[in-house]
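Below is one structure, written out as structure tokens; comments come after it.
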Protein chains: 2
Amino acid sequence: MPRGHPAFDLFVRKLSQRSILTEDERQAILSLNGREMEVEPHRDIVGPGQVTDTSCFVVSGLAARFGQLRDGRRQITAIHIPGDMCDLYSLMLPKVEWALQALSARLTIVKVPHRDLAALCRAYPGIAEAFWRDCVADGSILSQWVVNVGRRDARMRTAHLFCELGVRMEKAGLGQRTRYRLPVVQVQLADALGVTPVHMNRVIRSMREDGLMTIRAREVHISDWAALATAAGFDEGYLELRQEARRL
Amino acid sequence: MPRGHPAFDLFVRKLSQRSILTEDERQAILSLNGREMEVEPHRDIVGPGQVTDTSCFVVSGLAARFGQLRDGRRQITAIHIPGDMCDLYSLMLPKVEWALQALSARLTIVKVPHRDLAALCRAYPGIAEAFWRDCVADGSILSQWVVNVGRRDARMRTAHLFCELGVRMEKAGLGQRTRYRLPVVQVQLADALGVTPVHMNRVIRSMREDGLMTIRAREVHISDWAALATAAGFDEGYLELRQEARRL
DNA sequence: CGGAAGGTTGACGAGCTTCAAGACAGGTGG
DNA sequence: CCACCTGTCTTGAAGCTCGTCAACCTTCCG
């Protein structure tokens, strides 16, 4: 089996948490390859209206999908951490409607041609299923975000996002849920949570003053997980991966 | 080929708008069957935490997924119109995190066993792909909802929802985008848009006074589509089905 | 006729935005 | 080494959107 890009063991790891993969399938995914590149912030990796023929695997750093209004206001609809294949859904709908950008200063991705992903799906139905399940799991997070911005106030929303990221980071092996690197600025948190940067700042301050959490040097430190989770109304069920991961 | 439930030609119609299906595949889907039932509002078809072994096809009426906070506040995360297979994603993640309920007074669904859907996927990779694409398309709508509740004010949000539903109804052959039946009460619109019922009422009144649209006898009538779409910042790209619907 | 459900309206307050300014840090050039 | 600049964080004050509470109205239906 030819060796692919070394970062893809992160991808196998993530898929295996949700789906059952045979050894053949694992090896097939590990043999994937693509163009590695570093992306600077505020530059679209893919932009709305484009038809793309690649998906982007996050090696290090953070990526995000942005929706944009005509007046320039932005809303982040998804945050992708290392190990995520963002734009996997574009394999099904290659015309993308959202901008994908770097969220952190240093973002390294691998661009994987749809051609190769499609070949894998044809050869191994189990891989197609794992990809499908991955898209659905992203949708589950998206549902939670709708609830978040729709029905929680700014403080709950913020607490909820930090809980979600903590759990996702931990599951991906990138830190503990109570302490993880988050190389983003407050403006971007505001864009993710649907508030203004000014208000974002006040909310973070208030949570710091209440002893819930602190952010220093791009690192989140949650001092009281239970209190934060309660304040957020956080229930990690929607991130639960290891359910009855049967094969079709 | 055994005849299945007659309503599934709506399903084939919808899938065919997004994906290319062979005649065999169409016939296979049409042979699907399940238990038809009528559901009254405020009763969970499936509830959070349950593990389900069926998906629900909407024959007539409206269904919705609800997220709920501990204090009882609700947020609708998806509205399903006739022809939608809601809970299709549960084929991949059978443990559901959201409540599925009737939105309209009279909702008729067909409960299709996962077993049968899975058998179809195994026998016809093209059907699996169409299902996958359907899930992704739902995710695309969900992204737009995040932008909606995150960055648009109540008036824009409302206008946006009526535009979206208009286009979806039209594509499904259930009316014109400027005139369609929407058998829901204002409380439910408020739950979908993340505002209070009182404010919902004021927004609808204001839009009526501005000559944008009216709702009478559960029927939406959009008097000035262009003005409404502009007020909403509506761009139907994210609902566009007929893109390069290639097969893998 | 009476009750229930949904729609409508007013008054008031809270949460969030907007505008504006200042503090602080890191990086650059003289 | 310091002056300066730029990006980020922080804070205050004023105002608007939206939520809350409460009441009343209309329609429908038994």
Side-chain angles (χ1 to χ4, degrees), chain A residues 40-43 62 69 71-75 102-106 148-161 182-210 213-221 231-232, chain B residues 40-43 62 69 71-75 102-106 148-161 181-210 213-221 231:
Chain A
E40 68 244 55
H42 304 294
R43 289 274 309 273
L62 295 175
L69 269 55
D71 64 6
R73 279 181 301 174
R74 293 147 60 94
Q75 173 69 44
L103 199 60
S104 61
R106 244 182 294 284
N148 221 17
V149 287
R151 283 297 176 199
R152 289 190 242 259
D153 65 17
R155 191 186 160 90
M156 281 187 86
R157 264 183 241 182
T158 308
H160 201 277
L161 180 64
L182 191 72
V184 303
V185 297
Q186 293 186 356
V187 180
Q188 295 166 325
L189 289 174
D191 280 341
L193 292 167
V195 297
T196 57
V198 172
H199 197 60
M200 186 77 265
N201 183 279
R202 293 193 229 270
V203 168
I204 290 175
R205 168 166 56 130
S206 122
M207 289 173 51
R208 183 175 52 231
E209 286 170 356
D210 293 349
M213 48 156 296
T214 55
I215 309 180
R216 267 224 321 274
R218 306 281 113 106
E219 185 154 306
V220 174
H221 176 38
Chain B
E40 67 245 55
H42 305 292
R43 288 273 310 275
L62 295 175
L69 269 54
D71 65 6
R73 280 181 298 174
R74 292 147 60 94
Q75 172 67 47
L103 199 60
S104 61
R106 243 183 295 283
N148 222 17
V149 286
R151 285 296 177 200
R152 289 190 243 259
D153 65 18
R155 192 185 159 91
M156 280 187 87
R157 264 183 240 183
T158 307
H160 200 278
L161 180 65
R181 284 211 72 227
L182 191 72
V184 302
V185 298
Q186 292 186 358
V187 179
Q188 295 166 325
L189 289 174
D191 279 341
L193 293 167
V195 298
T196 56
V198 174
H199 198 60
M200 187 77 265
N201 182 281
R202 293 195 230 269
V203 168
I204 291 175
R205 167 167 55 133
S206 124
M207 288 172 52
R208 182 175 54 231
E209 286 171 357
D210 293 350
M213 48 156 295
T214 55
I215 309 181
R216 267 225 321 274
R218 305 281 115 105
E219 184 154 306
V220 174
H221 176 38

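Every chain is numbered from 1, with letters handed out A, B, ... down the list of sequences.
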Length of the CZ-P vector between B/Arg216 and D/dT27, whole Å: 12 Å
B/Leu182: which of B/Leu161, B/Leu62, B/Ile215 passes side-chain contact (heavy atoms from CB on, under 4.5 Å): B/Leu62
Side chains of B/Val149 and B/Leu193 in contact at under 4.5 Å (non-hydrogen atoms): no
Rounded distance (nearest 0.5 Å) linking atom CE of A/Met200 with atom OG1 of A/Thr158: 3.5 Å
Output the rounded distance in Å from CZ (A/Arg151) to P (D/dC18). 13 Å
On the nucleotide D/dT10, are OP1 or OP2 found under 4.0 Å from the side-chain N or O atoms that A/Gln186 carries? yes
Would you tell me if any nitrogen or oxygen in the side chain of A/Arg157 comes within less than 4.0 Å of OP1 or OP2 on C/dG15? no
Residues A/Asp71, A/Arg73: salt bridge by 4.0 Å N-O rule: yes
In whole Å, I'd like the distance from the CZ atom of A/Arg155 to the P atom of C/dG15. 11 Å
May I ask you to verify if any side-chain N or O of B/Arg218 is less than 4.0 angstrom from the OP1 or OP2 atom of C/dG7? yes
Nearest heavy-atom approach of A/Ala105 to A/Pro41 is O-CD, 3.7 Å
Between C/dT8 and B/Arg205, is there an OP1 or OP2 to side-chain N/O distance shorter than 4.0 Å? no
Partners meeting side-chain hydrogen bond (donor to acceptor under 3.5 Å, both in side chains) with B/Gln186 (sequence neighbours left out): B/Asn201
What is the distance, to the nearest angstrom, from the CG atom on B/Asp153 to the C1' atom on C/dG15? 15 Å
Among C/dG6, D/dT10, C/dT8, find the nucleotide with the atom closest to the side chain of A/Arg208. D/dT10
Tell me the interatomic distance from A/Ile215, atom CD1, to C/dC24, atom P, rounded to whole angstroms. 20 Å
Taking C-beta and beyond as the side chain, do B/Arg218 and B/Arg181 meet within less than 4.5 Å on heavy atoms? yes
What's the CG-P distance between A/Leu103 and D/dT8, to the nearest Å? 12 Å
Take atom CE of B/Met156 and atom C1' of C/dT17, then tell me their distance rounded to the nearest Å. 16 Å
Mind running a 4.0 Å heavy-atom check of residues 189-203 of chain B against DNA chain C and sending the residues that fall below it, in number order? B/Val198, B/Asn201, B/Arg202
